[in-house]
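Below is one structure, written out as structure tokens; comments come after it.
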2 protein chains.
Amino acid sequence: MAETRRSYDQYCALALSLDRIGDRWTLLIVRELLIGPRRYTDLRTALPGIATNLLADRLRRLERDGIVALTTSEPGAARYELTSFGRELETPILALVRWGGRWLVEADPALQFRVEWLVIALRALLAGAADLPSIEFRVDGETMHARSVNEGIDVQLGPAPAPSVVITADRDSVMGVASSGLSLLDAVKRGHVQVVGDPKTVRAVDRALRHRTELRSRYRSADPG
Amino acid sequence: MAETRRSYDQYCALALSLDRIGDRWTLLIVRELLIGPRRYTDLRTALPGIATNLLADRLRRLERDGIVALTTSEPGAARYELTSFGRELETPILALVRWGGRWLVEADPALQFRVEWLVIALRALLAGAADLPSIEFRVDGETMHARSVNEGIDVQLGPAPAPSVVITADRDSVMGVASSGLSLLDAVKRGHVQVVGDPKTVRAVDRALRHRTELRSRYRSADPG
DNA sequence: CGGAATCCTCTTCGATACTG
DNA sequence: CAGTATCGAAGAGGATTCCG
């Protein structure tokens, strides 16, 4: 009975959030479910190192808090998926991804990696980009796509319905563009990235990838009186 | 020697972020420092329940990662403060505060509370508001203020230099406005909030407080192929 | 008094084994 | 496939002590 959970006991929205999603592994589970619904075993393989009892415990808590739901829509294939409330965690998570991009540069390249995580990296990168043409990405055998969807950009696994631009790249080039300010066209010149599409559209994509949503640090810290 | 820290070992900006700021108490320490520089003892009293060794450990790690710095500018009063990189955590943190606002409504009102935390709540609420007049808030003996600062809103402790509007309220009214959609003018009618200022300006403040930055959930989840 | 280190207990995590 | 059960190892919580 893990009914006596630790709590910060603070009347503060951040502390109350962390009481629910601050435990180890929890936000990484949410990250996986932001990519798409997943079965229990999918989550286990997508989160190397998580103990099965922890996964079960976290999922139970997330269900109880209305963040995750277990759907049995398709027979015999129960899947965990985010509720609409849980999906709203995408905004803070993508903000954290943007903040943490700096660590990618100096990270050990031997760390575990799954191509699906690029979906998250691309969402973080492209959020706020305006007028993005439909793009298909092909990275290490996996296909994903980005397209404009009512005022925002949607990035999902799978091929684009009607791509204007197709980008074929390796992991490091995508991460380089997403995190360290490498421009798409420079990456092409280096030879690890191929881009197919109308040149004008390609330039628009290059611009969108540079955009890099400069919404951060709008506040100035000043010494309080 | 806590030199063998747990790591997710994932090449993903979220996991790398959580390796640094995902431990218990860490983000709450950052929250305190977002309000202003703090001495070690200030942090201890502002974070009821934190063990002193944990606070020391977390601060050391935050220093090592370039998020926090110890300044000895004023003699005899060493203070911890956020670096510019650390200040960039404000964006994800305020996003989490906005997400977690729903829990405030059903939270136990007996939870620990410090008036300074309203600075964070107000920053989360007012982010993105346009053309906000200078406002002074007086809550439970503490004074804070909000004002427009190059394209953003800045909320700090202390009185406003030249307030256009002065709002006097109790904690619950501020949290009600910040989290549960209570409008300022309704709160005034209920009698727990006094507002002093030009009526037209007050209406502008009311509008800004309703604004409630609807940047979230721009993405739609769709089943991947 | 500010800023910790130490010690001890309790909880949570992690790894493996096991079950409906 | 989808979890429980178990158990040793870290990590957290609280009190006390130490140092400049």
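The analysis underlying the following values was restricted to heavy atoms, covering all of them including side chains, and did not include hydrogens, waters or symmetry mates. Here is how names work: the chains are called A, B, and so on, in the same order as the sequence lines, proteins then strands, and each is numbered from 1.
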Item checked: Smallest separation among heavy atoms of Gln156(A) and Asp154(A), with atom names ->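 In terms of heavy atoms, the two residues are closest at NE2-OD1, 3.2 Å.
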
Note to self: Please give me the minimum heavy-atom distance between Ser173(A) and Leu182(A), naming the atom from each residue.
What the structure shows: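 Taking Ser173(A) first and Leu182(A) second, the nearest heavy atoms are O-CD2, 4.4 Å.
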
Margin query: As a test of reading the structure: which of dG3(C), dG14(C), dG3(D) is closest to the side chain of Arg6(B), going by heavy atoms?
Written below: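 That would be dG14(C).
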
Next item on the list: Measure from the side chain of Leu54(A), starting at C-beta and using heavy atoms only, and say which of dA4(C), dC13(C), dC1(D) lies closest.
Entry: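 Of all the options, the side chain of Leu54(A) is nearest to dC13(C).
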
Note to self: Return whichever of Arg60(A) or Ser7(A) has its heavy-atom-nearest nucleotide of DNA chain D closer to the 5' end.
What the structure shows: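 The residue whose closest nucleotide sits nearer the 5' end is Arg60(A).
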
To the nearest angstrom, how far is [X] atom [atom1] from [N] atom [atom2]?
{"X": "Asp57(B)", "N": "dA4(C)", "atom1": "CG", "atom2": "P", "answer": "12 Å"}
{"X": "Arg58(A)", "N": "dT12(C)", "atom1": "CZ", "atom2": "P", "answer": "9 Å"}
{"X": "Leu55(A)", "N": "dT12(C)", "atom1": "CG", "atom2": "P", "answer": "18 Å"}
{"X": "Ile29(A)", "N": "dG3(D)", "atom1": "CD1", "atom2": "C1'", "answer": "14 Å"}
{"X": "Leu59(B)", "N": "dA4(C)", "atom1": "CG", "atom2": "C1'", "answer": "11 Å"}

Main-chain N/O of [Y] paired with [X] side-chain donor or acceptor, under 3.5 Å:
{"X": "His192(B)", "Y": "Ala187(B)", "answer": "no"}
{"X": "Asp42(A)", "Y": "Arg39(A)", "answer": "yes"}
{"X": "Ser134(A)", "Y": "Arg147(A)", "answer": "no"}
{"X": "Arg98(B)", "Y": "Ala124(B)", "answer": "yes"}

Notebook entry, point to check: Without hydrogens or angle criteria, can the side chains of Thr26(A) and Asp23(A) be said to hold a donor-acceptor pair below 3.5 Å?
Noted result: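 No pair is found: no donor N or O on one side chain lies under 3.5 Å from an acceptor on the other.
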
Margin query: Less than 4.0 angstrom between a side-chain N/O of Arg79(B) and OP1 or OP2 of dG2(C), yes or no?
Written below: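 The answer is no; no side-chain N or O of Arg79(B) sits under 4.0 Å from OP1 or OP2.
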
Item checked: N or O in side chain of Tyr80(A) less than 4.0 angstrom from dG3(D) OP1/OP2 ->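 Checking Tyr80(A) against dG3(D): at least one side-chain N or O falls below 4.0 Å of OP1 or OP2.
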
Item checked: With Tyr8(A) via ring-ring contact (aromatic ring centres under 6.0 Å, His included) - residues at least two apart ->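 ring-ring contact (aromatic ring centres under 6.0 Å, His included) check on Tyr8(A) returns Trp25(B).
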
Solution key, residues 28-37 of chain A side-chain donor-acceptor pairs under 3.5 Å, sequence neighbours excluded:
unit_1: Arg31(A); atom_1: NH1; unit_2: Gln10(B); atom_2: OE1; d: 2.8
unit_1: Arg31(A); atom_1: NH2; unit_2: Gln10(B); atom_2: OE1; d: 2.9
unit_1: Glu32(A); atom_1: OE2; unit_2: Trp117(A); atom_2: NE1; d: 2.8

Next item on the list: Mind grabbing the angle between the end helix axes of the helix from dC1(C)-dG20(D) to dT19(C)-dA2(D)? Five pairs an end, 10° rounding.
Entry: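 Result, rounded to 10 degrees: 30°.
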
Check: Of all of residues 9-27 of chain A, which get a heavy atom below 4.0 angstrom from DNA chain C, listed by number?
Finding: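 Heavy-atom cutoff 4.0 Å gives Arg24(A), Trp25(A).
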
Check: Could Arg138(B) and Glu136(B) be called an ion pair, given the rule that one side-chain N must be under 4.0 Å from one carboxylate O?
Finding: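 Salt bridge between Arg138(B) and Glu136(B), a charged N being under 4.0 Å from a carboxylate O: yes.
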
N/O contacts under 3.5 Å, protein versus nucleotides 15-20 of chain C?
unit_1: dA15(C); atom_1: OP2; unit_2: Gly49(A); atom_2: O; d: 3.2
unit_1: dA15(C); atom_1: N6; unit_2: Asn53(A); atom_2: ND2; d: 3.2

Check: With sequence neighbours left out, which residue pairs that include part of residues 103-115 of chain A fulfil the side chain to side chain donor-acceptor pair (under 3.5 Å) condition?
Finding: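 Checked against side chain to side chain donor-acceptor pair (under 3.5 Å) - neighbours excluded - the pairs reaching residues 103-115 of chain A are Arg114(A)-Glu116(A).
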
